[in-house]
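Quick note on labels: first sequence line is chain A, next is B, and so on, each numbered from 1.
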Amino acid sequence: MVIFDDIRSAAVRTGLAAIDYETTELSPLEGKLTEVNIAVPGQSWSIPVAEPMSKWLAGVRSLYECGAQVVHWKSFFDQSFHPKYGLPLYGNVHDAKAAFWLLEPQDWAPKGLKDRGELEFGVKAIRYHEVDQRSLRQREQYGKQDAEWTLKLYQLAVPLLKQEGLWDIFINVYPRLTPIAVEMRLTGLKVDRTGLLKLKKEFLQEQDDNLHKIRVYRPGLNPNSPAQVADLLYKELKLKPPHPKFLEKGKAGHESTAADAVKYMVKQHDVAGLLLEHREITKLIGTYIEPLLDQSASDPRGRIHSEFNPIGTDTGRWSSYGTAGEGMNLQNIPAKTDRGKRIKKCFVAEEGNRWSRADYQQMELRVNAQIAHERRMTQAFKDGRDLHQELADAIPCKRADAKAVAFGYAYGMWPKKFAIKYAYPLPEARRFRAGYFRMYPDLQAHHACTEMLVRDDPWARTLGGRKFYLGFLPIEGGERMRKALNTPVQGSVADFINRALVDLAAWRDIYGVPFRFLSQVHDEINLEVPDAYAELVAEMLERIMVESAPLPDVPVEAEVTVGDRWLMK
DNA sequence: GGAGCTAGCGCG
DNA sequence: AAAGCGCGCTAGCTCC
């Protein structure tokens with residue numbers, strides 16, 4: 001592998017190397033590496049996997065460890081192939097995709113390497129489908145362009161990141177998140193197949209009983225067809241929705257059968273409740289139980305391997321998803337209804353391990369209190385009072401309504417929508433909003449301020465200084481204002497949990513504590529910890545989460561639960 | 001037979 | 001005139 005010696009010398013000389021892999025599949029569990037593409041300033045290579053593999057791998061490894069700054073495009077994808085080849089997960093690799101995401105996280109920005117390159121360089125990219133995979137020359141051209149563009153885009157982004165004050169987070173946070181996201185995917189979440197099979201049987205029976213009861217009112221009805229359900233509810237049974245809005249016909253030419261409308265019909269006809277229940281069960285079986293059973297059956301350890309993307313959203317939150325039948329979104333596992341909870345209880349720790357879960361407590365509210373300098377809310381957190389109950393007493397309304405008020409009106413919802421969503425008369429919704437802002441005058445001032453400021457200053461910022469350009473949104477219409485209210489809050493929480501993950505990983509590296517990262521759910525971290533270390537890790541987990549979220553005025557709390565599964569009660 | 005859309009809904 | 005934010009997945013359905 002003489003060629004790697006040359007490449008390494010070039011990398012050392014220039015101090016910079018872009019690396020990109022070609023693989024047989026998108027899955028790091030199934031797929032194999034076929035080529036490594038490398039670019040240094042002024043030169044590039046595409047090197048097919050060669051025998052002996054150990055020599056080839058040593059060559060690749062030497063590039064990471066020669067002291068040059070290594071950069072990838074979508075580092076968490078490329079590095080997810082490392083462990084099966086005995087390569088380490090590197091926590092100091094810069095990611096050109098993350099660079100552009102930090103500069104322009106919005107969804108209108110080009111996401112792919114090719115799209116971004118075409119935009120920045122004004123040159124047509126070689127697209128994957130244009131490449132004749134049998135032609136070594138074409139493969140080489142394609143691979144070299146990927147590496148070259150990764151390198152050039154990185155060089156383009158560096159001064160911009162520094163100029164925008166994003167350099168620190170780019171080199172100190174995002175590279176260290178990559179190994180964590182990869183670890184989550186490769187480790188996977190273990191599920192209790194016996195429990196899931198039992199649930200499936202039970203739910204299918206319920207679903208069937210339910211279907212028969214529904215079909216008494218209309219034989220042959222498919223409850224999963226909104227068109228058929230609308231016809232039954234509105235045309236045949238003439239049921240009334242909570243608001244005329246639901247009578248408006250959509251693209252498919254029928255009235256809305258959304259849950260908010262059907263819930264309201266429960267008092268009018270038995271079929272409404274049956275339909276809602278049928279929908280719930282169908283959703284749980286189809287979206288969760290069946291994929292969980294399928295995927296755990298095809299994995300040797302019965303685990304679910306999902307992708308986690310630390311740069312998957314506009315605001316800085318992570319996203320989670322399945323790729324080509326492998327993995328699924330692990331950030332929307334049911335937790336609210338009784339049936340849903342039974343599914344979540346089927347996520348279990350491996351024998352000899354504990355499931356350690358930590359949640360920030362009411363974190364968005366706390367961050368909002370901080371950002372708005374809301375004195376009353378801040379004091380309530382300091383005193384440890386029940387905010388929602390306090391608001392409910394003041395409005396007055398039910399506690400559950402106060403909660404809805406706090407989440408809706410905080411981010412610019414209007415009474416009309418509140419009234420429709422929660423089936424209240426408009427004056428009642430207005431009264432709630434008035435009560436809310438009477439309770440929190442500083443928050444009202446913050447809304448007024450934001451509305452004014454966002455006209456001239458199109459930037460929104462998190463407490464940690466990450467920023468979002470909102471200038472592409474029209475000033476009128478409210479969307480810019482609502483995003484200006486929400487992004488700093490959601491984005492700050494995202495920054496905090498990222499910091500917590502990084503610090504937790506660093507603590508583990510230093511002391512060699514043997515836990516595994518399982519998942520991240522926006523304000524929650526899940527770990528699998530050998531029994532003997534469970535207590536120590538739980539203590540540290542809580543401490544790191546709290547310390548990673550330094551709010552100057554508002555106290556922060558994280559709650560840790562340790563058990564044999566994700567959800568205990 | 002697959003792509004792409006809509007409606008609906010799971011989570012924070 | 002119209003006005004919470006952020007995601008990903010499924011079934012039904014249309015279209016090519």
Exercise for the section: Would you kindly give the OH-to-P distance between A:Tyr411 and C:dG6, to the nearest whole Å? Expected result: 12 Å
Handout entry: Least distance between heavy atoms, A:Lys483 atom then A:Pro488 atom
Key = O-CD, 3.9 Å
Handout entry: N or O in side chain of A:Asn332 less than 4.0 angstrom from C:dC9 OP1/OP2
Key = no
Problem - Distance, rounded to the nearest Å, where A:Phe407 contributes CZ and C:dC5 contributes C1' - result: 11 Å
Problem - Side-chain N,O (A:Ser225) to OP1/OP2 (C:dG12) below 4.0 Å - result: no
Practice task
Using atom OH of A:Tyr436 as one end and atom C1' of C:dG4 as the other, report the distance to the nearest whole Å.
Solution key: 11 Å
Exercise for the section: Rounded to the nearest angstrom, tell me the gap between atom OH in A:Tyr321 and atom P in C:dT10. Expected result: 15 Å
Practice task
Check the distance between C:dG8's P and A:Glu326's CD and give it to me in whole angstrom.
Solution key: 17 Å
Problem - Residue A:Trp414, side-chain atoms from C-beta onward, closest of C:dG12, C:dG8, C:dA3 - result: C:dA3
Practice task
Rounded to the nearest angstrom, tell me the gap between atom CG in A:Leu485 and atom P in C:dG6.
Solution key: 12 Å
Practice task
Look at all strands and tell whether A:Ala410 reaches a base, only sugar-phosphate, or nothing, counting heavy atoms closer than 4.0 Å.
Solution key: nothing
Exercise for the section: Have a look at A:Thr487 and say if it touches a base, only the backbone sugar-phosphate, or nothing, with a 4.0 Å heavy-atom cut-off. Expected result: nothing
Exercise for the section: Please determine if A:Arg399 and A:Asp386 form a salt bridge, counting it only when a charged side-chain N lies under 4.0 Å from a carboxylate O. Expected result: yes
Exercise for the section: Identify whether any heavy atom of A:Lys336 sits under 4.0 Å from a base atom; if not, whether one sits that close to sugar-phosphate; answer base, sugar-phosphate or nothing. Expected result: sugar-phosphate
Fill in the blank from the handout: Contact span of DNA chain B against chain A, any nucleotide atom under 4.0 Å from a heavy atom, 5' to 3', runs B:dT6 to B:dG12
Handout entry: A:Glu559/A:Arg357 salt bridge by N-O under 4.0 Å criterion
Key = no
Handout entry: Parallel, tilted or perpendicular: ring planes of A:Phe418 versus A:Tyr409, cut at 30 and 60 degrees
Key = parallel
Exercise for the section: Report which part of the nucleic acid A:Lys251 touches: base, sugar-phosphate, or nothing (heavy-atom distance under 4.0 Å, all strands). Expected result: sugar-phosphate
Exercise for the section: For A:Asp260 and C:dG4, give me the distance from atom CG to atom C1', rounded to whole Å. Expected result: 14 Å
Handout entry: Ion pair A:Arg185/A:Glu326, N-O distance below 4.0 Å
Key = yes
Handout entry: Ring center gap for A:Tyr469 and A:Trp459 short of 6.0 angstrom
Key = yes
Exercise for the section: Could you tell me whether A:Arg339 and A:Glu277 make a salt bridge, using a distance below 4.0 angstrom between a side-chain N and a carboxylate O? Expected result: yes
Practice task
For A:Arg482, answer base if it contacts any base atom (sugar-phosphate contacts may also be present), sugar-phosphate if it contacts only those atoms, and nothing otherwise; contact means non-hydrogen atoms under 4.0 Å.
Solution key: sugar-phosphate
Practice task
Can you tell me, in whole Å, how much space there is between the P of C:dA3 and that of B:dA7?
Solution key: 15 Å
Problem - C:dG4: pairing nucleotide in any strand, Watson-Crick or G-U under 3.5 angstrom - result: none
Exercise for the section: Determine whether the aromatic ring centres of A:His269 and A:Tyr217 lie less than 6.0 Å apart. Expected result: yes
Practice task
Considering just the side-chain nitrogens and oxygens of A:Ser320, establish if one lies under 4.0 Å of OP1 or OP2 belonging to C:dC7.
Solution key: no
Exercise for the section: Scan A:Gly250 against the nucleic acid and name what it touches under 4.0 Å (heavy atoms): base, sugar-phosphate only, or nothing. Expected result: sugar-phosphate
Exercise for the section: Mind calculating the distance between CD (A:Glu280) and P (C:dA11) to the nearest angstrom? Expected result: 16 Å
